[in-house]
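Sequence lines set the chain letters: A, B, ... in the order given, protein chains first and strands last, and positions in each chain run from 1. Computation of the quantities below employed the complete heavy-atom set of this structure, encompassing side-chain atoms and omitting hydrogens, waters and symmetry-equivalent molecules.
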Amino acid sequence: MWPRFTLTDARTIAHYLGLLIVCFAVAPAIPFVTALVFQEWEPASRYLLCVGVCLVVGTGLRLLMPTAPRLNRQQAMAVTGLAWIALAFVGSIPLVLSDHYATFADALFDCVSGLTTTGATVATDLDHMSVADNMFRFVMHFAGGMGLIVVALSLGLFGRRAGDASLYASEGRSEHVVPNVVETTRFISKIAVIIIAVTFVPVCLLLCATGLEPVRAALHGLWLSISAFMTGGFSPMSTSVMYYHSGAVEIVLMVAMLLGTINFALYLEVRRGRTDHFFQDLEVRTGAIWLLAMIAILTATLSSAPLFSNLPEMLRNCAFMVVSAATTTGFQTVSANQLTTVFSSGAFLVLAIVMAVGGSAGSTSGGIKFHRVGIIWKSIVSTIKSALFPPTARVVVEYHHIGRRRLRPDVSREALTVFTLYVITYVIGALAGIAYGYEATTSLFESVAMASNGGITAGISGPGMPLGLEMVYLLQMWAGRLEFVTLMALIVEVVVSVTPDADDVRKLLNRGKS
Amino acid sequence: MSGRMMRLVFALVLVLAFACAPAAWAVEGDGGQAGADAAAPAEGAANSERAVSGETAEGAGEGAGEAGQASEVDPTNAVDPQLLPDSSFIYDTSIVDLAHADSYFDNQTVRVTGEVVGDRRATIGDGENCWITLTEPTFGENSTVEVYMSNEQASRIDTYGAYGRVGTILSVQGTFHLVCPEHEGESDVHAESVTVSARGHAVESDFDSQSFLPGIACVGVGVLMMVILGILRERGR
C-alpha cells in the first residue's frame, strides 16, 4: 500500500516550493545588476522580468496555504524533487528570450544542465553571449552545486517549521558535517566561498598574463573558479578551457576541481586537526588509487596515437581530462571532434567509465561516487570471507569514513541499489541515442555524461539535437543529481496520488447500483 | 629574411598573381574594357574571400578562374605537357568543416574565412605569436577554429567580436592540424597569410524604457501579492 498525497499535502508542498521560487529571485537579480553595470539593456529587461515572474509564481503558490505546517518526510522529498525542475522552468525564461536558444526546450536543457552542474550546453553563438547571460549560467552552477536545499537551509528560509533533516537528506546528502543541519549547510557555503575566492586570484592573474583585458580576465576568472569548484563545466567560451592555451590555468583549475570533489565533512576534520581521518578515509584512498590508475591507463592508451610530442605534455593532458571526468566537471582540453576521430575507442571508454564512477559523496560532484564503489568492494570482501569461514563465524568488515565504521547490510543494500539504478539509466540513455541513429559508443558516452552530471560531450548534445533525446538527457540529469531515490519516490507518489483508489472506484460503482 | 617571412611574401605574390592574371588577360584580349575588367578581378577576389564557403577541396587554379571571367579561348595559350602536376592544394573550406574534420584535412593548406571573437591570447614565453579564434557566423552552430599567427598579422584585427560587437572578418590561409604536434595535440591552423575581408563594427543597442515595462509590472504585482500574503499570515496567527 503506497502512501498518497492528500490535497493538504499538495498545498503544503506548493507553499514550500513557492518559498524556494521567491528566494530564487536573487539568482536573476545578480545578472540584472551585472547588465546594468555593463550597460546591456536588453538582457537587463529580461532578467528584471524573470525576477518578477519568480515573485509572482512563488507568492501565488504560497497563497495556496499561507501558513504551512512542518514538512514530513514525503513532503520534503516532493519539495526537493520538484524544486530542481520548477526553478529550471523559471530560470529558462530569460534565456529563451535571448537569441541564443532556438526553443524553450533548449533553454530548459541549459538551465537544468546549469543547476545540476552537468555543464553540457545547447546555446548557440556562445562567444557573443552577454556578460549578464554568462553570469546567470554560473550563478546557476553555484546554486546547484551547493544544492538548492542547502542554500535555502543555510539562509534559514524554511524557518523552524520545515523538516530540515528530511529536506537535507532528500537532496542526496547523507552526511551531517556538524550535528545541526543548518550549521552544516552554512559550513558548506563558507568553504565554497573561500575556495572559489582563493582560486579566482591566480586564475585572474594568469589570464591577464595571457593577454585578456583586466575586466574580462576578472569575469572569466570568477566564472572558471565557480565552474571548477562546483564541478559544473560551463565555460564562457565555446572552446572550453582550450581557449586559454595555458597549462598553468589548467593546473589551478585541476586543483579546484579536486577540492570540489572532496567530501565536505573531511574539510571539518582537517580544520579540527584530524588529518589522519582525511588520509585514512575510504573515499580519499579509493579516489586516489582510482585517479592514478585511470591516468596511467589513459596515458598508455593514447601513447599509441600521434597526439602528443612528449611525455610531460601527454601526462598533463591526460591528467586534466581524467580529473575533469572523474570530478564530473566537464572541462575539455580535447575537442568533441577529437574525441570521436583521434581518440581510440579504448581511450573514449576509459573517460566514460571515469565519468560514470564520479567523485566523492557529500561533495559537489556526481556519478556513482567513490563511497559506493568502496562499499561494494567491501561487500565483495565480506561475501568472500563468509564463504571461506565456518557458518558459525561472525564476519565483520570495517572501513574508515569519518571515523571507523562497520559495514552494515543496509549500507551495502543502498550502495548496490543506487549503483544498479545508475547503470540502468546509463543503458536507457544509450539506447535512446542509438534509437536516434547515433553510434553506440558515442551514445553510451553521452548518456553517461548526462546521468553522472559529467558533461563532457562527444558531440551529440548541442544546438539542433532531437527534442526527444533532449528530454531523455534532461531527465537523466535531473535523476542523477537527486541520485534517483528522491525522484523515483516522487514519481511513485504522484502516480499513486492521481490514480483513483480501487476501493473508492468500487464504492462509487456500487452506489450507482444501489 | 626568415623562413616565415619568405613564405608570407611568396603567398602574397601568388595571391596577387591569381587576382591580376585574369585582368591582364582581359586587357590583352580587349583593350576597350581595360578599366572595368581591371576592377572586376579585384572585386571578385574580395567577394570570394568574404563569402563563407561551404565548398570542399578545389585546386589552386580554380581561384584564378573564380576571380576573372573567361572570354574567348586564346589559341596560342597551349598547355605545356612537360609541366608536372602541382600537389600543393589549397582547400577552400568552412570552419564548420574544420570543426568536424577528420584526417582528410590534417596537415593540409586550408583557407577559411570567419569572424574574430574573444581575445588575442599569448602563450607565456612566446612573445612573437598569439592565438586568435575564428567563428562561423551562422546560427545553429558553435563552430570555431583556433588560429596561431604572428603578432604582426594579428595587429590587422580592429575588432574582437563579443556581445554588442561584430568582429573583423578575417580570411586566413595556413596549415590545418587535426592534432598539432607543437601545441599539445590541439586542433589549430598555423596562419601563413591573413587578409582582412571586412572591418568589425559595434552593434548599436539603445536604452529602450518600454522593454522594462513587463518586468516592472511583474515585480510590482509580485510585491503586491507578497504584501497580501503577509496580511493573511498575520490574520492567521
Donor-acceptor pairs under 3.5 angstrom involving side-chain atoms of residues 18-40 of chain A: please list them, not counting sequence neighbours.
{"residue": "A/T34", "atom": "OG1", "partner": "A/I30", "partner atom": "O", "Å": "2.8"}
{"residue": "A/E40", "atom": "OE1", "partner": "A/V131", "partner atom": "N", "Å": "3.3"}
{"residue": "A/E40", "atom": "OE1", "partner": "A/A132", "partner atom": "N", "Å": "3.1"}
{"residue": "A/E40", "atom": "OE2", "partner": "A/V131", "partner atom": "N", "Å": "3.0"}

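A 4.5 Å side-chain heavy-atom check between A/C318 and A/L302 finds at least one atom pair inside the cut-off. With contacts defined as side-chain heavy-atom distances shorter than 4.5 Å, the pair B/R156/B/M149 does not qualify.
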CA sep, side-chain torsions, deciding dist, call: B/Q153, B/N129, side chain to side chain contact (heavy atoms under 4.5 Å, CB included): CA-CA 9 Å; B/Q153 289 170 323; B/N129 301 290; over 6 Å; no
Stepwise ring pair (Phe, Tyr, Trp, His ring centres under 6.0 Å) test for B/H177 and B/H190: CA-CA 8 Å; B/H177 299 286; B/H190 287 207; 4.7 Å; yes
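Residues of residues 209-219 of chain B lying under 4.5 angstrom from chain A, judged on non-hydrogen atoms, are B/S211, B/F212, B/P214, B/G215, B/I216, B/C218, B/V219 by number.
For chain A, the option among B/L178, B/L224, B/V221, B/V223 with the highest count of heavy-atom pairs below 4.5 Å is B/L178. Of the residues considered (A/L206, A/L55, A/T333, A/V53), A/L55 shows the highest number of contacts with chain B, using heavy-atom pairs under 4.5 Å. In terms of heavy-atom pairs under 4.5 angstrom with chain B, the leader among A/L212, A/V51, A/V57 is A/L212. Interface summary for chain B: among A/S130, A/G211, A/C54, A/A44, the most heavy-atom pairs under 4.5 angstrom belong to A/S130. Most heavy-atom pairs under 4.5 Å with chain B: of the set A/T239, A/T121, A/L63, A/N337, this distinction falls to A/N337.
The CG atom of A/L207 sits 10.0 Å away from the CZ atom of A/R216 when rounded to the nearest 0.5 Å. Taking NE2 of A/H128 as the start and CG of A/D99 as the end, the distance is 11.5 Å to the nearest 0.5 Å. The CD atom of B/Q108 sits 11.5 Å away from atom CG of B/L98, with the distance rounded to the nearest 0.5 Å. The distance from the NE2 atom of A/H220 to the CD atom of A/E213 is 10.0 Å, given to the nearest 0.5 Å. The OG1 atom of A/T67 lies 12.5 Å from the CZ atom of B/R235; values are rounded to the nearest 0.5 Å.
With a threshold of 4.5 angstrom between heavy atoms, B/R120 approaches chain A through N, CA, C or O but not through any side-chain atom. Interface remark: A/S238 contributes side-chain atoms only to the contact with chain B (heavy atom separation under 4.5 Å). Interface residue A/M237: only side-chain heavy atoms are found under 4.5 Å from chain B. The parts of B/S187 that come within reach of chain A are both its backbone and its side chain, each placing non-hydrogen atoms under 4.5 angstrom from that chain. A/R46 does not touch chain B: none of its heavy atoms, backbone or side chain, sits under 4.5 Å away. Residue contact with chain B, scored on non-hydrogen atoms closer than 4.5 Å, is absent for A/A248. With a threshold of 4.5 angstrom between heavy atoms, A/T59 approaches chain B through its backbone and through its side chain.
When each of B/D188, B/V147, B/D119, B/D126 is tested with B/W131 by the rule side chain to side chain contact (heavy atoms under 4.5 Å, CB included), just one qualifies, namely B/D188.
Ring-plane geometry between B/F105 and B/F176 is classed as perpendicular, the angle between the planes exceeding 60 degrees on a 0 to 90 degree scale with a lower cut at 30.
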